[in-house]
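Predicted model, so just to flag it, every value in this text is computed and none were measured.
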Amino acid sequence: MCLLLLLTSCATALPVAPLCPAVPAVLLNPVQAPELGTDPSWRDVALYAASMRSALHQCNVDKEQIRDWSARSAEQ
């Protein structure tokens, strides 16, 4: 009889909340888009395109860091 009581106490598992750490805030900071002034010259347009490419690169670096962080968090 005592053995049955011990076994029934383990019949239901306690719910466990999944551990989901937050993404580091530094990886979520917005990347500022460059501004193209009014009446731009062709030089300004070229510099703007280079600045946009740099901003896009920074966004992709941040995404890669988030993927790396996520993979490390999943391993733990």
inquiry  = To check you understand the geometry: which heavy-atom pair defines the closest contact between A55 and Q32, and what is its length?
reply    =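 Where A55 meets Q32 most closely, the heavy atoms are CB-O, 4.2 Å.
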task = Ignoring hydrogens and angles, tell me if any N or O in the side chain of D62 forms a donor-acceptor pair with the backbone of C59 under 3.5 Å.
result =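 No.
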query = If you measure only the distance, is there a donor-acceptor pair under 3.5 Å linking the side chains of N60 and E64?
reply =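 Their side chains do not contain a donor-acceptor pair, so the 3.5 Å distance test is not met.
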From Q65 atom CD to L28 atom CG, the distance as rounded to the nearest 0.5 Å =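 Rounded to the nearest 0.5 Å, the CD-CG separation comes to 11.0 Å.
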query = Looking at side-chain heavy atoms only, is the closest gap between L47 and L36 below 4.5 Å?
reply =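 L47 does not reach L36 side chain to side chain.
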message = What I'd like to find out is whether the side chain of W69 reaches to under 4.5 Å of the side chain of P24, using heavy atoms alone.
response =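 Counting from C-beta outward, W69 and P24 do come under 4.5 Å.
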task = Please indicate whether R43 has more than 12 foreign heavy atoms, meaning atoms of other residues, nucleotides or ligands, lying under 6.0 Å from its CZ.
result =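 Atom CZ in R43 is not packed in, count stays at 12 or less.
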key: Those residues that, when tested against R72, pass salt bridge (Lys or Arg N to Asp or Glu O under 4.0 Å) (two or more places apart)   =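 Applying salt bridge (Lys or Arg N to Asp or Glu O under 4.0 Å) to R72 gives none.
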key: Hydrophobic cluster identity match, V23 and V26, side-chain contacts under 4.5 Å   =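 Cluster IDs for V23 and V26 match.
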